[in-house]
**Q** 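One structure, pasted below without further comment.
Because the structure is predicted, anything quoted here is derived from the model rather than measured.
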Amino acid sequence: MKCPKCGGEIPFYNLKPNCMHCGVNIMFYTQNEGLSRDAKRTELEGAAARMIIARVKAAFIGSKLAIARLVLIFVSIAALLVPFGGVSFNISFFSETLSVGIIGIIKAVTGGLLLNIFDFLKSSLLGSAVLAAVIDLVCFAVIVVIIALILLFYFLSFVNLTKFTKLIKNTSLGGIIAGVLAQTACVIIKFTASGSELASAYFGFGGLACAAAFFALFLINRAMLKKGIEPGYSENDIKRREMLRLVRSGEVNLDDLPLPVFESEEERKERLSALYEALKAEEEGKEL
């Protein structure tokens, strides 16, 4: 092997901890080198981590608008609890109501009503009213898909704050349209499906509730885009992230970088202050 300091050849049978040429302690010399390398890597990777945390904070709780957006997303989900409409069946020995909303659909699935809805659709007596329920279910499903997309874009928004906020805004606009159409369809169906004596359609206000929630969400995201939502990064952290990219790509050798790699005046004062406190504590410990 060769001495890590002077490069002198050391025979394998020489088990002494010091180099026979320059006298350096081989273990501690390489250990210091490794610690220095780890400190540089920690500095660069820590900056990249801080920038991710800053984006996460800006996306979710970084401002009053971001907090309002979070609340409105929960409100839009809660709006699904409000019935969009439904159908009441009054047949001999059978009386059941299909309410198009989260609670009503869960009851219909567990009670088996939803599984038989397409059989009822074939009936000449129930067909018009059941068709009303199917249209309500389709409108409800469209809005559920829109909310799922909004949630997906929201949880990914820290990746690219501007891009995903635009996607949430545009998807919310689609939700407004879907909610209004769902409510309009319920009103129309209420009056067109009134001919059956065995089943009757009714409408709720779930479509309007969802449309209102989506409208508020649209306004909030538009305001966030207008105000700007890019987090404030430290200038040195931006440099560190770029240097980390160069190190990982092999364009820069980590051993060639100084320690610290980048340091502002404030960071330098903090480092020297911490070093002073550590030395002071060590001296006090020796006196005791």
Side-chain angles (χ1 to χ4, degrees), residues 4-5 28-74 149-172 217-283:
K5 182 179 181 182
F28 285 110
Y29 186 84
T30 54
Q31 185 181 53
N32 289 337
E33 206 172 52
L35 289 172
S36 175
R37 190 181 298 111
D38 290 342
K40 296 173 189 176
R41 186 178 289 108
T42 300
E43 178 187 344
L44 299 179
E45 292 178 350
R50 284 193 298 274
M51 293 179 73
I52 293 174
I53 292 171
R55 288 202 303 272
V56 170
K57 182 179 178 182
F60 301 141
I61 56 171
S63 65
K64 292 180 179 179
L65 289 174
I67 295 172
R69 179 171 70 172
L70 174 60
V71 172
L72 283 172
I73 286 176
F74 282 108
L149 287 173
I150 288 175
L151 282 173
L152 176 63
F153 297 148
Y154 177 71
F155 287 121
L156 292 176
S157 59
F158 74 93
V159 177
N160 189 317
L161 295 169
T162 301
K163 177 182 177 181
F164 282 100
T165 299
K166 286 180 180 178
L167 286 172
I168 294 172
K169 185 194 76 170
N170 295 336
T171 309
S172 299
L217 198 57
F218 172 82
L219 293 178
I220 286 292
N221 282 277
R222 189 177 70 171
M224 290 179 72
L225 289 169
K226 186 176 180 180
K227 184 179 179 181
I229 51 177
E230 285 298 328
Y233 299 130
S234 163
E235 182 182 353
N236 281 338
D237 278 353
I238 296 174
K239 293 178 180 178
R240 288 169 182 138
R241 185 182 63 176
E242 179 61 22
M243 185 59 68
L244 180 62
R245 185 188 66 80
L246 296 175
V247 169
R248 286 175 173 174
S249 65
E251 298 177 49
V252 174
N253 188 343
L254 190 64
D255 294 328
D256 295 337
L257 297 176
L259 181 66
V261 181
F262 297 102
E263 188 175 39
S264 65
E265 187 62 31
E266 183 179 351
E267 290 169 337
R268 179 175 175 276
K269 288 179 180 178
E270 290 179 358
R271 180 173 61 84
L272 293 177
S273 176
L275 180 61
Y276 172 77
E277 292 296 331
L279 291 173
K280 184 179 178 181
E282 185 179 352
E283 289 178 359

**Q** Taking the side chain as every heavy atom from C-beta outward, state whether Phe153 and Lys169 have any atom pair closer than 4.5 Å.
**A**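 No. Closest side-chain heavy atoms not under 4.5 Å.
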**Q** For the side chain of Arg37 and the backbone of Leu254, is there at least one donor-acceptor N/O pair under 3.5 Å apart?
**A** no
**Q** Nearest 0.5 angstrom please: Tyr233 OH to Arg55 CZ, how far?
**A** 4.5 Å
**Q** Quick one: pull up CD in Glu235 and CD1 in Ile238 and give me the separation to the nearest 0.5 Å.
**A**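 Here the rounded value is 7.0 Å.
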**Q** Quick one: OG on Ser172 to CD1 on Ile220, what's the gap to the nearest 0.5 Å?
**A**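 One finds 10.5 Å between OG of Ser172 and CD1 of Ile220.
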**Q** What's the spacing between Lys163 NZ and Leu167 CG if we round to 0.5 Å?
**A** 7.0 Å
**Q** Nearest 0.5 Å please: distance from the OH atom of Tyr154 over to the OG1 atom of Thr171.
**A**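 That separation rounds to 15.0 Å.
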**Q** For the residue pair Ser264 / Glu266, report whether a side-chain donor-acceptor contact shorter than 3.5 Å exists.
**A** no
**Q** Between Phe155 and Phe60, what is the ring plane arrangement, given parallel below 30°, perpendicular above 60°, and tilted in between?
**A**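 Perpendicular.
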**Q** Please check: side-chain N/O of Ser273 versus main-chain N/O of Glu270, any donor-acceptor pairing under 3.5 Å?
**A** no
**Q** Is any side-chain heavy atom of Leu70 less than 4.5 Å from a side-chain heavy atom of Phe74?
**A**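 Yes, their side chains come closer than 4.5 Å.
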**Q** Answer yes or no: is there an ion pair linking Glu242 with Lys239, defined by an N-O contact shorter than 4.0 Å?
**A** no
**Q** Yes or no on side chain to side chain contact (heavy atoms under 4.5 Å, CB included) for Glu43 and Glu267, after CA distance, side-chain angles and deciding distance?
**A** CA-CA 12 Å; Glu43 178 187 344; Glu267 290 169 337; over 6 Å; no
**Q** Can you give me the closest heavy-atom contact between Thr162 and Leu225, atom names plus distance?
**A** O-CD2, 3.8 Å
**Q** Does Arg245 CZ have over 12 foreign heavy atoms under 6.0 Å away?
**A** yes
**Q** How close do Thr165 and Leu161 get, counting heavy atoms only, and between which atoms?
**A**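 The answer is OG1-O, 2.6 Å.
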**Q** Working note: Arg69 + Leu65, criterion side chain to side chain contact (heavy atoms under 4.5 Å, CB included); need CA distance, chi angles, decisive distance, verdict.
**A** CA-CA 6 Å; Arg69 179 171 70 172; Leu65 289 174; over 6 Å; no
**Q** Roughly how far apart are Leu217 CG and Ile168 CD1, rounded to 0.5 Å?
**A**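 Result: 7.0 Å between the selected atoms.
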**Q** Report yes if some heavy atom in the side chain of Met243 is under 4.5 Å from a heavy atom in the side chain of Lys40; otherwise report no.
**A** no
**Q** Which heavy atom in Ala59 sits nearest to a heavy atom in Ala66, and how many Å separate them?
**A** O-CB, 4.0 Å
**Q** Is there a side chain to side chain contact (heavy atoms under 4.5 Å, CB included) between Leu44 and Arg41 once you walk through the steps?
**A** CA-CA 5 Å; Leu44 299 179; Arg41 186 178 289 108; 6.0 Å; no
**Q** Are more than 12 heavy atoms from other residues, nucleotides or ligands located less than 6.0 Å from atom CZ of Arg50?
**A**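 Yes.
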